[in-house]
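What follows is a single structure, written as structure tokens, with notes after it.
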Protein chains: 2
Amino acid sequence: MDTIDLLAKLPGAFTESGLRQEMLTHGKFITVDKDDTIVREGQFLDFLPIVIKGEIRVFQQKEDREILLYYVREGQTCMMSLSAAYFSQTSTSYGVATKPSEIFVFPTRLVNDWQLKYSSWNAFLIQTFRSRYDELLDSFESVAFDPIDKRILTYLKNRSQKDHSSKIVISHQNLAYELGTTRVVISRILKSFEQQGKVKLFRGYIQLK
Amino acid sequence: MDTIDLLAKLPGAFTESGLRQEMLTHGKFITVDKDDTIVREGQFLDFLPIVIKGEIRVFQQKEDREILLYYVREGQTCMMSLSAAYFSQTSTSYGVATKPSEIFVFPTRLVNDWQLKYSSWNAFLIQTFRSRYDELLDSFESVAFDPIDKRILTYLKNRSQKDHSSKIVISHQNLAYELGTTRVVISRILKSFEQQGKVKLFRGYIQLK
DNA sequence: CGAAAACGGTATCAAAAGTTACACAACTCA
DNA sequence: TGAGTTGTGTAACTTTTGATACCGTTTTCG
């Protein structure tokens, strides 16, 4: 891939051409396979990733369970990596590709340089932090105040909207992981949704109606 | 209060003297009473606050309920104000003083200037965002995975530690609000804690043992 | 092909948490 | 002082959710 192609792929938020130029100069373009681990807990971060294509699932691993933090999608960077790198700390979370992905990585020392040179970089950072916070706040409210059936429906609708498809490809088990509950509960509620005509169930996916 | 006193009160994180000097030059020092509203939803932010003394409770108001986001304490700034101001958006949350407080405010346009001039300012921002995120993540995990009795105990212990006192001044009703449940549930569990000898209950406060 | 793994349906039971209702004590303030 | 407000205790009940167990089907992969 040549420079022109790559430039075209960088998020539009980077309005300053000097910044885009520096990214190209100092950055490295890598590709990863589905299920590849990009970052693991305890790892020292000497690079900052921006996802060009694909998706990275960022989560924490506790004793028995897994906490999903967010997905890093096209044009986004990983907030956890960013702050860990900024303070020279090791990562407290994992990042795993959910599909074959293309990632742009560059040395973290540049973060500080760019903050002092490019407003659009700062805007990107603040935007990143704020929108992750808002996302988490949504999840928090949902977990704290909504009954599970509503949470499931909300999840399905969100996925449907995001994927531009009423076919949501996920197993009951994985849906249970996403929502922090168990498979049996999910199956039970989905079944009742089906009886109410809200969805149609298939092996491996759910059709939203 | 003269310049020297004020300087001494600024958070140590601002290592650059130029920054401290600018803060003093452009900032304004205000005092508020308990229960004064500093920021309300829909308000356009033209200033950024840093709390010097006291505490601001930041929350969102939904139809029926209230969501506590965080408390802004000494040396801290309000993440929500910061990002709202940065993008010239109105506030989505409220900020109310929980006690008489002293706040340092300065024009938000400076945020952008300082980002481009002072590393310690950038570090302060990233630290602010990251620690609020971590806090919220803790709450999320707690709500998602811990039974209420454990959450109550955790709350009491945290408060006790923070206030340097085993006497936690809060009504059962307000504790219920904090934890997103109802008064009856709180009373029930506290009573069982008392029978287990973990606490002693009084009107208006709880003694942790 | 055949075994193992992944997927989903369903029943039963148990536990956790919310709901409603009522009583009384303590505090506050006109 | 006395009426209204706030704070707390407690019983009885319902609802929601989780836990366990067992089943059959589909898919995967050596």
Short side-chain donor-acceptor distance under 3.5 Å, [Y] and [X]:
{"X": "A:R183", "Y": "A:S187", "result": "yes"}
{"X": "B:S166", "Y": "B:Q207", "result": "yes"}
{"X": "B:Q115", "Y": "B:W121", "result": "no"}
{"X": "B:Q127", "Y": "B:R132", "result": "no"}

When the distance from [atom1] of [X] to [atom2] of [N] is rounded to whole Å, what number comes out?
{"X": "B:I186", "N": "D:dG7", "atom1": "CD1", "atom2": "P", "answer": "14 Å"}
{"X": "B:I189", "N": "D:dA11", "atom1": "CD1", "atom2": "C1'", "answer": "16 Å"}
{"X": "A:D149", "N": "D:dT15", "atom1": "CG", "atom2": "C1'", "answer": "12 Å"}
{"X": "B:K191", "N": "D:dT8", "atom1": "NZ", "atom2": "C1'", "answer": "8 Å"}

Is the number of heavy atoms from other residues, nucleotides or ligands under 6.0 Å of [X] [atom1] greater than 12?
{"X": "A:Y177", "atom1": "OH", "result": "no"}
{"X": "B:K162", "atom1": "NZ", "result": "yes"}
{"X": "B:Q161", "atom1": "CD", "result": "no"}

With side chain to side chain contact (heavy atoms under 4.5 Å, CB included) as the test, would you mind laying out the steps for A:I38 and A:I103 before giving the verdict? CA-CA 10 Å; A:I38 323 296; A:I103 305 175; 3.9 Å; yes
Closest to the 5' end of DNA chain D, once A:P147 and A:R183 are matched to their nearest nucleotides, is A:P147
Could you tell me whether the side chain of B:T77 reaches within less than 4.5 Å of the side chain of B:F104, counting heavy atoms only?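 When only atoms from C-beta onward are counted, B:T77 and B:F104 do not touch, as no gap falls below 4.5 Å.
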Worksheet entry | Side chain proximity check, B:T90 to B:L45, heavy atoms < 4.5 angstrom |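 Not in contact.
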- Verdict with reasoning, A:F106 to A:W114, per side chain to side chain contact (heavy atoms under 4.5 Å, CB included): CA-CA 12 Å; A:F106 41 76; A:W114 291 349; 3.4 Å; yes
#### Entry: Distance, nearest 0.5 Å, that separates CZ of A:R159 from OG of A:S165
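If I round to the nearest 0.5 Å, the distance is 9.0 Å.
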I'd like a list of close polar pairs between nucleotides 18-20 of chain D and the protein, N/O only, cut-off under 3.5 Å.
residue: D:dG18; atom: OP2; partner: A:T181; partner atom: OG1; Å: 2.6
residue: D:dG18; atom: N7; partner: A:R188; partner atom: NH2; Å: 2.9

So side-chain hydrogen bond (donor to acceptor under 3.5 Å, both in side chains) across residues 39-57 of chain B, not counting sequence neighbours, yields B:E55-B:R73, B:E55-B:T98, B:R57-B:E66, B:R57-B:Y71, B:R57-B:E178
Exercise. Can you tell me which residue pairs pass the side-chain hydrogen bond (donor to acceptor under 3.5 Å, both in side chains) test with a partner in residues 136-151 of chain B, sequence neighbours excluded?
Key: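 Output for this query lists A:K62-B:E141.
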- Can you list every ring-ring contact (aromatic ring centres under 6.0 Å, His included) pair that touches residues 138-157 of chain B, not counting sequence neighbours?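 ring-ring contact (aromatic ring centres under 6.0 Å, His included) check on residues 138-157 of chain B returns no pairs.
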Quick note, ring-ring contact (aromatic ring centres under 6.0 Å, His included) partners involving residues 182-209 of chain A, not counting sequence neighbours, are A:F202-A:Y205
Considering only heavy atoms of chain A and a distance under 4.0 Å, specify the first and last nucleotide of DNA chain C in 5' to 3' order that meet this criterion.
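Endpoints of the contacted stretch of DNA chain C: C:dA6 to C:dT12.
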Rounding to the nearest 10°, end axes of the helix from C:dC1-D:dG30 to C:dA30-D:dT1 built from five pairs each make an angle of 40°
Close N/O contacts between protein and nucleotides 26-29 of chain D (under 3.5 Å):
residue: D:dT26; atom: O2; partner: A:R203; partner atom: NH2; Å: 3.0

Item to check | Sub-4.0 Å heavy-atom contacts from residues 168-177 of chain B onto DNA chain C, ordered by number | outcome: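 Per residue number, the list is empty: none.
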Subject >> Listed partners of A:F59 passing ring-ring contact (aromatic ring centres under 6.0 Å, His included), at least two apart >> reply: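 Partners of A:F59 under the ring-ring contact (aromatic ring centres under 6.0 Å, His included) test: A:Y94.
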_Could you work out, with side chain to side chain donor-acceptor pair (under 3.5 Å) as the rule, every residue matching B:S83, not counting sequence neighbours?_
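B:S83 satisfies side chain to side chain donor-acceptor pair (under 3.5 Å) with A:R130 once adjacent residues are dropped.
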Heavy atoms within less than 4.0 Å of DNA chain D: which residues of residues 150-160 of chain A have one? Give them sorted by number.
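Nothing qualifies; none.
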